Amino acid sequence: MKKRIGVLTSGGDAPGMNAAVRAVARTAISKGMEVVGIKRGYNGLLNGDYFMMEKSSVSGIIKRGGTCLYTARCLEFVKPEGVLKGKERCEELGLDGIVVIGGDGSFRGAADLSAAGIPCIGIPGTIDNDIQCTEYTIGYDTALNTATEMIDKLRDTAQSHDRCSVVEVMGRKAGFIAVNVAIAVGAEAVITLERPYDLDAIAAKMIKVRNSKNGKHHFLIVVAEGVGQTENIARSLQEMTGIESRVTVLGHVQRGGSPTLRDRVIATEMGYHAVELLEQGIGNRIVGLKDGKVYDIDLQEGLAMKKPFIDDRYDIFYDTAY
Ligand code: F6P
């Protein structure tokens, strides 16, 4: 009998999820398996919202943002009864495994379902790059490029008005997007949860820079959303420096758009590897990137790891800032 696997996207969408879905579907079909596309994350599994995929089901999606399978955060699946119902649905459907593309919340569901006897493989898909056991998550590169493009535009108007632009970028509790984007846009300061910040020092630097010979009169401050203080930071800097400030929250625009080459290729490699694992009957794994190569790790072990912050890059930012 043919092996049959499911694929779903769960949690916040990320550019490149489509490339991963495509790789899972095409690889599995090429290997003689059947593929069930499950819609809206675990909700689709619980509510019977799925369809048989063919190679043509994923035609033309590699360059599209979002996810063709739709996505959701499923509260029912957090409860043991939800997981049990999910297992029963998998058995009714004859699924030999599921590929779950999402963030760590989605992986906890995959771990529970694996423990209940359904082999699951997690593929990291989130713009935040905050999954512990992988150097890279699908969507991160596209989000970095989108944020950079948007902030470059903000720089133009901040410069014209001699203003301070305080920009909030996404990342949930993590400052990976903030630090990298701050380097890329040549910001004057970056504020994240991971490192202490000193607004007096930032204000003093702004005043010194503005008053210096050939000094600049406009400023870009990148703030990670996890800090939760963007409005207050802008107000305080304006009060301390007298420089007019404006807040921009980039928001969900960072989650959209056509994925970059990096996101498309890594998503394809990860999707391919996930199917190889399920083909061998291996479940309860997260596919990740380690030393630039795709690898896999036990789900619980991967979730229990702690991701180090990019302290070296943070220091490079401040040493190369104005
Ligand atoms: O995890 C991706 C992310 O975009 C975070 O950066 C952000 O904190 C969160 O999702 C926003 O979630 P929602 O789309 O539910 O508002």
Side-chain angles (χ1 to χ4, degrees), residues 8-21 39-44 64-78 100-110 122-151 166-182 184-185 190-194 222-231 233 247-260 262-263 266-267 270 286 288-289 302-303 305-307 309-310:
L8 61 85
T9 50
S10 164
D13 65 345
M17 277 185 164
N18 274 328
V21 171
K39 289 191 178 173
R40 297 181 175 84
Y42 294 108
N43 286 312
R64 293 219 300 265
T67 160
C68 67
L69 292 178
Y70 302 88
T71 186
R73 297 186 172 102
C74 179
L75 294 178
E76 196 181 346
F77 212 74
V78 176
V100 174
I101 306 165
D104 52 4
S106 313
F107 289 176
R108 281 179 229 289
I123 294 182
T126 163
I127 63 164
D128 304 333
N129 201 29
D130 61 348
I131 297 180
Q132 301 85 330
C133 59
T134 179
E135 288 161 8
Y136 193 79
T137 60
I138 296 166
Y140 181 49
D141 190 56
T142 307
L144 291 176
N145 281 288
T146 301
T148 300
E149 192 187 330
M150 297 298 145
I151 299 173
V166 180
V167 195
E168 179 181 299
V169 296
M170 276 188 165
R172 206 175 287 276
K173 297 284 175 205
F176 300 111
I177 294 180
V179 171
N180 283 290
V181 163
V185 301
V190 62
I191 296 176
T192 68
L193 262 188
E194 291 89 343
V222 176
V223 184
E225 69 167 333
V227 175
Q229 292 293 330
T230 311
E231 288 282 349
I233 288 169
V247 170
T248 303
V249 178
L250 287 190
H252 288 81
V253 71
Q254 294 160 101
R255 289 234 299 256
S258 179
T260 60
R262 183 162 162 76
D263 276 324
I266 291 181
M270 287 182 170
I286 298 175
L289 207 69
L303 282 171
M305 285 166 74
K306 194 164 163 33
K307 192 163 191 159
F309 189 53
I310 40 174

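Atoms within a ligand are numbered from 1 in the order they appear, just like the ligands themselves. Everything numeric here is computed off the predicted structure, so don't read it as measured data. What's counted below: heavy atoms across the whole structure, side chains too, no hydrogens, waters or symmetry copies.
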Examine the proximity of ligand 1 to Gln254 and report which part, side chain or backbone, both or neither, has a heavy atom under 4.0 Å away.
neither
Could you establish whether Gly171 and ligand 1 come within less than 4.0 Å of each other, counting only heavy atoms on the residue side?
yes
If we number the atoms of ligand 1 from 1 as shown, the ones under 4.0 Å from a heavy atom of Arg73 are 10 (O), 12 (O), 13 (P), 15 (O)
Partners passing side-chain hydrogen bond (donor to acceptor under 3.5 Å, both in side chains) against Arg255 (at least two apart in sequence or in another chain):
Asp13
Just which atoms of ligand 1 are under 4.0 Å from any heavy atom in Thr126?
1 (O)
Checking a contact table here: which protein heavy atom is nearest atom 4 (O) of ligand 1, and how many Å away?
Arg255 NH1, 2.8 Å
For atom 9 (C) of ligand 1, which protein heavy atom lies nearest, and how many Å away is it?
Arg172 NH2, 3.7 Å
For atom 7 (C) of ligand 1, the protein heavy atom that lies nearest, with its residue and separation
Glu225 OE2, 3.1 Å
Ile177 side chain reached by Asn129 side chain, heavy atoms, under 4.5 Å
no
Return the closest protein heavy atom for atom 6 (O) of ligand 1 as residue, atom name and distance.
Asp128 OD1, 2.7 Å
Distance-only polar pair, side chains of Asp263 and Tyr136, donor-acceptor under 3.5 Å:
yes
In chain order, what residues pass the ring-ring contact (aromatic ring centres under 6.0 Å, His included) check against Phe77, with sequence neighbours excluded?
Tyr42
Are side-chain N/O atoms of Asp141 and Thr260 paired as donor and acceptor at under 3.5 Å?
yes
Main-chain N/O of Gly11 paired to Thr71 side chain as donor or acceptor, under 3.5 Å
yes
Going by the order shown, which atoms of ligand 1 are within less than 4.0 Å of some heavy atom of Met170?
4 (O), 6 (O)
What protein heavy atom lies closest to atom 13 (P) of ligand 1? Include the residue and the distance to one decimal.
His252 NE2, 3.5 Å
Treating Glu225 as the side-chain partner and Val169 as the backbone partner, does any N or O pair qualify as donor plus acceptor under 3.5 Å?
no
